[in-house]
Amino acid sequence: MPDSEIAPAAGHGRVTTLDSAYASCRRIAAEHGRTYYLATTLLTPPRRRAVHALYAFARMVDDIVDHADNPARVLDPRDGAHAATADDPAAVSPAQHLDLVEKQLRLALERGDIDTADLRRHQILTAAADTIRRYDIAHTHFWTFLGAMRMDVPGTATHRTRYATMTELREYMRGSAAAIGLQLLPVLGTVVPVAEAEPAAAALGEAFQLTNFLRDVAEDLDRDRIYLPADELAAFGVDEDHLRACRAAGRTDQSLRRALAHLIAVNRDIYRRAEPGIELLEPRVRPAIRTAAVLYAEILERIEAADFQVFERRATVPNHRRILVAAKGFATSLR
């Protein structure tokens, strides 16, 4: 579909130009994904906006899961009525909402129709569907991602909030993180057959996700979710009660410090396994992906520098450091 064309909204009379759809996704990426957004500035404009579209779709789904207590925040009332045959968007459960998003994306991919009353969602679906078609991204990666998101939602058959082992957590991350890496591969391009680059791309997605879990221990615990594997914590004398006691005190004790240090080492090993995969990408995109990997991995250093006080503050990489790393990446991309 040429950029000048519009994507129709089935039954809602709304139209969206591709340019405005992608611009909306860019704003979402800039607001919510600062590390990723900075890295995308090193990509060519077509690839950059494709990454923004994929990010915006994932963010939209993530908001449905994380704001299940406030459906109106992420669901237009007319979509609520469509999903639950009710005028009150609060009548739509998060599980129904995810089903609706999957139905809307399938319709967009199969028929080119964008069936939503919500302008923001219309724009995200328009850009995401165009990106998927334009780069011939396997649809299964999106269904796998949505399947993992259902694991976070109460009332679904696969719902869970605890993970006994790293093996169990990796099954979740296969959809929540690895699938994202696999969605990006066709956009970034490879110098080998895509299948050869997929293991490293999946590993990098897992590395990013585990870093999120280590950074967001407090936030996840407040949502009654524990993504750190129970057996890995137990090896250092930490269980759920221990985590909650540290949360209540607002401090990390010595046992939890050791557990987090161990999991950071595990996380770094995943980054090391993913790093060779960057050389399998097209040369023009390597600086952008390396920049994202470096900046995200530095979150682990910030956790360590803060003495593992994950209940006291959220570990972030300062803006001046982000800019410096991105500048180095930009210089590399010009060679």
### Salt-bridge contact Asp220-Arg247 (side-chain N to carboxylate O under 4.0 Å)
no

### Task
Apply salt bridge (Lys or Arg N to Asp or Glu O under 4.0 Å) to Asp241 and list each qualifying residue two or more places apart in sequence or on a separate chain.
none

### Within residues 274-309 or reaching into it, pairs that qualify as ring pair (Phe, Tyr, Trp, His ring centres under 6.0 Å) - sequence neighbours excluded
Tyr36-Tyr296, Phe208-Tyr296

### Check: Ser24 side chain, Ala21 main-chain N or O, donor-acceptor pair, under 3.5 Å
no

### Query
Do you know which two heavy atoms are closest between Leu263 and Leu210, and how far apart they sit?
O-CD2, 4.4 Å

### Query
Between His52 and Ala29, what is the shortest heavy-atom contact and its length?
CD2-CB, 3.8 Å

### Message
Side chains of Asn267 and Thr211: any donor to acceptor distance under 3.5 Å?
### Response
yes

### Query
Listed by chain and number, what are the ring-ring contact (aromatic ring centres under 6.0 Å, His included) partners of Tyr172, not counting sequence neighbours?
Tyr163, Tyr227

### Message
Can you give me the closest heavy-atom contact between Ile64 and Arg121, atom names plus distance?
### Response
CD1-NH2, 3.9 Å

#### Entry: Step-by-step salt bridge (Lys or Arg N to Asp or Glu O under 4.0 Å) determination, Asp19 to Arg26
CA-CA 10 Å; Asp19 284 343; Arg26 179 186 59 77; over 6 Å; no

### Task
In plain terms, say whether Asp66 and Arg225 are close enough for a salt bridge, that is, a side-chain N and a carboxylate O under 4.0 Å apart.
yes

### Query
With Phe311, which residues qualify under ring-ring contact (aromatic ring centres under 6.0 Å, His included), at least two apart?
none

### Query
Does Gln309 use its side chain to pair, donor to acceptor, with the backbone of Thr252 at less than 3.5 Å?
yes

### Message
Salt bridge or not between Arg268 and Glu275? Use side-chain N to carboxylate O under 4.0 Å.
### Response
no

### Query
Nearest heavy-atom pair of Ala127 and Cys25: which atoms, and what distance?
CB-SG, 3.7 Å

### Message
Please determine whether a side-chain nitrogen of the Lys or Arg among Glu102 and Arg150 lies less than 4.0 Å from a carboxylate oxygen of the Asp or Glu.
### Response
yes

### Query
Any ion pair linking Asp63 and Arg59 (charged N to carboxylate O, less than 4.0 Å)?
yes

### Query
Considering residues at least two apart in sequence or located in another chain, which fulfil the ring-ring contact (aromatic ring centres under 6.0 Å, His included) criterion with Phe236?
His262

### Query
Can you tell me if Gln254 and Arg257 form a side-chain donor-acceptor pair at under 3.5 Å?
yes

#### Entry: Electrostatic pair Asp253-Arg258, nearest N-O below 4.0 angstrom
no

Between side-chain atoms of residues 177-196 and protein atoms elsewhere (two or more places apart, or another chain), which donor-acceptor pairs fall under 3.5 Å?
| unit_1 | atom_1 | unit_2 | atom_2 | d |
| --- | --- | --- | --- | --- |
| Thr190 | OG1 | Val192 | O | 2.5 |

